[in-house]
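Accompanying notes for the structure given below.
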Amino acid sequence: MRQYIYGPFNSRRLGLSLGINILLNYKACSFDCVYCEIGANKSNKLVSPKFRIDNPPTQDFRKELKSILKYVPHLKSLSFTGYLGEPTLNNNLLDFYNITLDVRNELKWDKDPPLITLFTNSSTLYLEEIRERVKHFDLVLAKLDAATDKDLRTTNRPHKDCPGIDTLADSLVKLRKDMPNKKLAIQCLISKSYRDDFSSNDNNENIERLAHLIKKINPDIVQLYSIARIPSEYFVYAIDENRKKEIVKIFRKIINNELIEINYY
Ligand code: SF4
């Protein structure tokens, strides 16, 4: 039975990928996003961004990785995902990374070796020790759904210890500078709400401010997407393709930098 790895699966954003889960068998996250697909259940743990999980890789991690990788020589990404929450909460993130790098370098690949990719909700990046770990990954996909404190509170519902939007954006600017030879993607999940008393992050102020923050962060890639599975809250739903196109247009106009690739999914 596999303990750490799931897939391979075809990711719309990354191509053929293998998912790596380095958290324990319950959800642990510093956010409680309204659209979270892991869902709100009894094992849901909202934790401080300073909370650490000591879960070092066992010998099984290397074995599991090797035994699966030999069957997928055309893999595009080895992805440390938010399968059960925020991966940077694991104190042993770099131990997992180093084994993955080692195994990747030992094997033969059809073309380029797969990227070692990290998904993060960005809430821990204000801590230098976390940026020091994260900067090693080939590609970091960092969440930024909100550009105002109000939207951060309503959409991502962070733990009370999480930084506000200015600190969070500054930490992404710092991370960009810390990893000059690696790639940074900013991921924005935009959703709508059925409830009149709940303002979703699809509001003009948030969208325009997001574009300005992204311009300042200067990532390589921007990925706009929406809800694709069952969200944790019944009152949010996905924006449609036309709205995604409109938002991309706003982003392109404000960001005004052809070196930044802006895609929607
Ligand atoms: S950051 Fe990811 S895992 Fe955490 S609540 Fe949001 S969607 Fe779920």
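Both counts, for ligands and for their atoms, begin at 1 and track the order of listing. Fair warning: this is a prediction, and the values are worked out from it, not measured in the lab.
- The closest side-chain heavy-atom distance from His74 to Val72 is below 4.5 Å.
- Residue contacts with ligand 1: Lys143 is included, with a non-hydrogen atom under 4.0 Å away.
- Between Glu261 and Lys183 there is no salt bridge, since no side-chain nitrogen of the basic residue lies less than 4.0 Å from a carboxylate oxygen of the acidic one.
- Proximity of Glu86 to ligand 1, defined as any heavy-atom pair under 4.0 Å, is not found for any part of the residue.
- Against a heavy-atom cut-off of under 4.0 Å, Asn121 is close to the following atoms of ligand 1: 1 (S).
- Of the listed residues (Tyr35, Phe31, Tyr83), the one carrying the non-hydrogen atom nearest atom 5 (S) of ligand 1 is Phe31.
- Ring-plane geometry between Tyr4 and Phe61 is classed as perpendicular, the angle between the planes exceeding 60 degrees on a 0 to 90 degree scale with a lower cut at 30.
- Taking the centre and axis of the six-membered ring of Phe235, the NZ or CZ atom of Arg195 falls inside the cone set by 45° and 6.0 Å.
- When Ser123, Cys29, Ser30 are checked for heavy-atom proximity to atom 4 (Fe) of ligand 1, Cys29 turns out nearest.
- Using a 4.5 Å heavy-atom threshold, the side chains of Phe80 and Ile116 count as touching.
- The shortest contact between atom 6 (Fe) of ligand 1 and any protein heavy atom is with Cys33 SG, 2.3 Å.
- Atom 3 (S) of ligand 1 has its closest protein heavy atom at Ile38 CD1, 3.6 Å.
- You'll find the side chain of Leu14 reaches within 4.5 Å of the side chain of Leu139, heavy atoms only.
- A heavy-atom separation below 4.0 Å is not found between Arg157 and ligand 1.
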* Asked: Step by step, would you call Asn121 with Ser123 a side-chain hydrogen bond (donor to acceptor under 3.5 Å, both in side chains)?
  -> CA-CA 6 Å; Asn121 69 12; Ser123 70; 2.8 Å; yes

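- For ligand 1 and Lys27, the ligand atoms under 4.0 Å from any heavy atom of the residue are 5 (S), 8 (Fe).
- Here the heavy atom of the protein found nearest to atom 8 (Fe) of ligand 1 is Cys36 SG, 2.4 Å.
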